Amino acid sequence: MSEMSLLRTEGLAKHFGGVAAVDSVDFGVNAGEIMGLVGPNGSGKTTVLNMLSGFLKPDGGKVWFDGREVTHLSTVQLARLGLLRMFQMTRVFTRISSFDNLLVAGMGMGLTEKEAGLRAGALLEELTLTPVQYLDAGSLSGGQRKLLEFGMCFIEPPRIALLDEPFAAVHPVMRETMADFIRRRNTQGQTFILVSHDMPIVVDLCQRSVCMNLGKVIAVGPTRAVLESTPVIEAYLGSSSHV
Ligand SMILES: Nc1ncnc2c1ncn2[C@@H]1O[C@H](COP(=O)(O)OP(=O)(O)O)[C@@H](O)[C@H]1O
Ligand SMILES: [Mg+2]
């Protein structure tokens with residue numbers, strides 16, 4: 001991994017009881033890339049994102065962000081520095097409109113009402129939500145809500161956006177809208193870590209990927225090479241004893 005990494009982990013570890021959910025994980029994320037984080041269910045991907053965003057305290061190891069050690073900072077401190085996790089669960093207020101949800105999110109990030117309103121309008125347009133922007137967010141479809149969550153995460157774009165299975169259970173049309181959004185923002189310089197089981201999208205979006213299995217990194221490199229490597233194929237098959 002290069003010294004130029006925007007984010008870097010060193011020996012990152014987390015145990016739950018006897019389970020080594022994350023076991024001495026080292027990787028780097030370069031500024032401006034979409035880094036894929038893949039691996040079978042239970043391999044430790046969500047636990048890594050939770051530690052990077054401060055929702056879980058590591059048992060061991062370090063996290064470096066933009067040249068500074070951030071291992072023990074709180075979620076709020078990390079979000080201020082620009083390490084922001086998008087939630088799998090929805091954090092949308094259901095009884096106010098999508099527009100107002102974005103307004104509240106923006107003002108919560110310290111924007112003026114005017115600036116938040118301008119950004120909200122632009123994001124709703126970009127996310128194809130303009131036709132429903134004044135409806136209660138509770139009446140949106142699951143996919144529309146997911147798009148709104150993207151908007152809330154990007155009202156003040158983070159330095160690194162951590163996305164945990166954003167495409168899961170989302171209608172293919174909206175999945176495409178999300179992929180377009182990620183691609184467009186990346187072209188403008190946005191850095192992402194993307195956890196997804198949707199391999200065609202991972203291959204399409206992620207220049208580089210890290211694959212985990214049983215808490216450990218088992219492959220790193222260009223996404224296609226990682227997915228086609230023997231340890232990764234064996235991990236997805238369930239066990240190397242099949243070979
Ligand atoms: N809060 C928790 N308490 C106990 N075990 C957990 C907890 N969170 C995750 N685990 C365990 O840690 C391992 C990694 O889980 P997770 O990070 O969710 O994997 P992934 O996101 O790759 O599916 C799994 O064995 C899982 O059962
Ligand atoms: Mg997970």
Side-chain angles (χ1 to χ4, degrees), residues 7-29 34-63 65 70-75 78-79 83-91 142-143 145-146 149-150 153 158 160-170 175 178-179 182 191-203 205-206 208-221 223 226-241:
L7 178 83
R8 190 160 56 86
T9 71
E10 231 178 65
L12 198 61
K14 183 74 189 177
H15 297 256
F16 294 111
V19 179
V22 173
D23 191 359
S24 197
V25 162
D26 299 340
F27 64 79
V29 183
I34 307 176
M35 194 197 83
L37 181 56
V38 300
N41 279 330
S43 56
K45 307 177 298 291
T46 295
T47 304
V48 165
L49 293 195
N50 280 338
M51 289 192 281
L52 296 182
S53 52
F55 285 89
L56 279 176
K57 293 289 159 214
D59 299 330
K62 289 181 175 170
V63 181
F65 180 55
V70 298
T71 319
H72 298 292
L73 299 189
S74 69
T75 50
L78 290 165
L83 255 174
L84 196 65
R85 186 195 137 149
M86 203 187 107
F87 280 85
Q88 260 172 309
M89 285 174 311
T90 182
R91 298 195 128 189
R145 232 194 238 210
K146 211 75 176 222
E149 287 175 52
F150 263 83
C153 182
I160 303 189
L162 310 176
L163 307 181
D164 196 355
E165 301 195 24
F167 310 109
V170 170
R175 208 177 297 161
M178 279 181 197
I182 294 169
T191 310
F192 292 88
I193 299 179
L194 173 64
V195 171
S196 177
H197 288 296
D198 190 324
M199 292 311 170
I201 293 190
V202 172
V203 168
L205 290 180
C206 304
R208 224 164 51 85
S209 288
V210 168
C211 183
M212 291 179 68
N213 189 38
L214 301 173
K216 290 183 191 294
V217 171
I218 58 166
V220 187
T223 299
V226 164
L227 295 180
E228 289 171 358
S229 71
T230 305
V232 171
I233 291 168
E234 286 178 357
Y236 275 97
L237 288 176
S239 153
S240 55
S241 63

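What you see is a predicted model; the values in this text were computed from it and never measured. Atoms within each ligand, like the ligands themselves, are counted from 1 in listed order. Residues: numbered from 1 along the sequence shown.
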Going by heavy atoms in the side chains, are L214 and D23 under 4.5 Å from each other?
-> no
With atom 16 (P) of ligand 1 as the reference point, say which of T47, N50, V48, D164 has the nearest heavy atom.
-> T47
Name the closest protein heavy atom to atom 9 (C) of ligand 1, giving the residue it belongs to and the distance to 0.1 Å.
-> F16 CE1, 3.5 Å
Atom indices of ligand 1, in the order listed, that fall short of 4.0 Å to a heavy atom of S43 | 19 (O), 20 (P), 22 (O)
Atom 26 (C) of ligand 1 protein-contacted (non-hydrogen atom, under 4.0 angstrom) | no
Near N41, which atoms of ligand 1 are under 4.0 Å from a heavy atom of that residue?
-> 23 (O)
What protein heavy atom is closest to atom 12 (O) of ligand 1, reported as residue, atom name and distance in Å?
-> A21 CB, 3.2 Å
Smallest heavy-atom separation, Y236 atom then G39 atom, equals OH-N, 2.9 Å
Are the side chains of L12 and V63 in touch, meaning some heavy atoms are under 4.5 Å apart?
-> yes
4.5 Å side-chain heavy-atom contact, V48 and V195 | no
Please indicate, with yes or no, if any protein heavy atom is found under 4.0 Å from atom 3 (N) of ligand 1?
-> yes
Please find out if the Mg ion (ligand 2) and some N, O or S atom of T47 are separated by less than 2.8 Å.
-> no
Smallest separation among heavy atoms of V25 and G215, with atom names = CG2-O, 3.3 Å
Report yes if some heavy atom in the side chain of L78 is under 4.5 Å from a heavy atom in the side chain of F65; otherwise report no.
-> no
Who's the nearest protein heavy-atom neighbour of atom 22 (O) of ligand 1, and how far?
-> K45 NZ, 2.8 Å
Atom 18 (O) of ligand 1: nearest protein contact (heavy atom, Å) | T46 CB, 3.8 Å
When you measure from atom 19 (O) of ligand 1 to every protein heavy atom, which one gives the shortest distance, and what is it?
-> G44 N, 3.1 Å
Minimum side-chain heavy-atom gap L49-K45 below 4.5 Å | no
Which value, rounded to the nearest 0.5 Å, describes the distance between I201 atom CD1 and L194 atom CG?
-> 8.5 Å
Could you tell me the residue and atom name of the protein heavy atom closest to atom 14 (C) of ligand 1, and the distance to it rounded to 0.1 Å?
-> G42 O, 3.3 Å
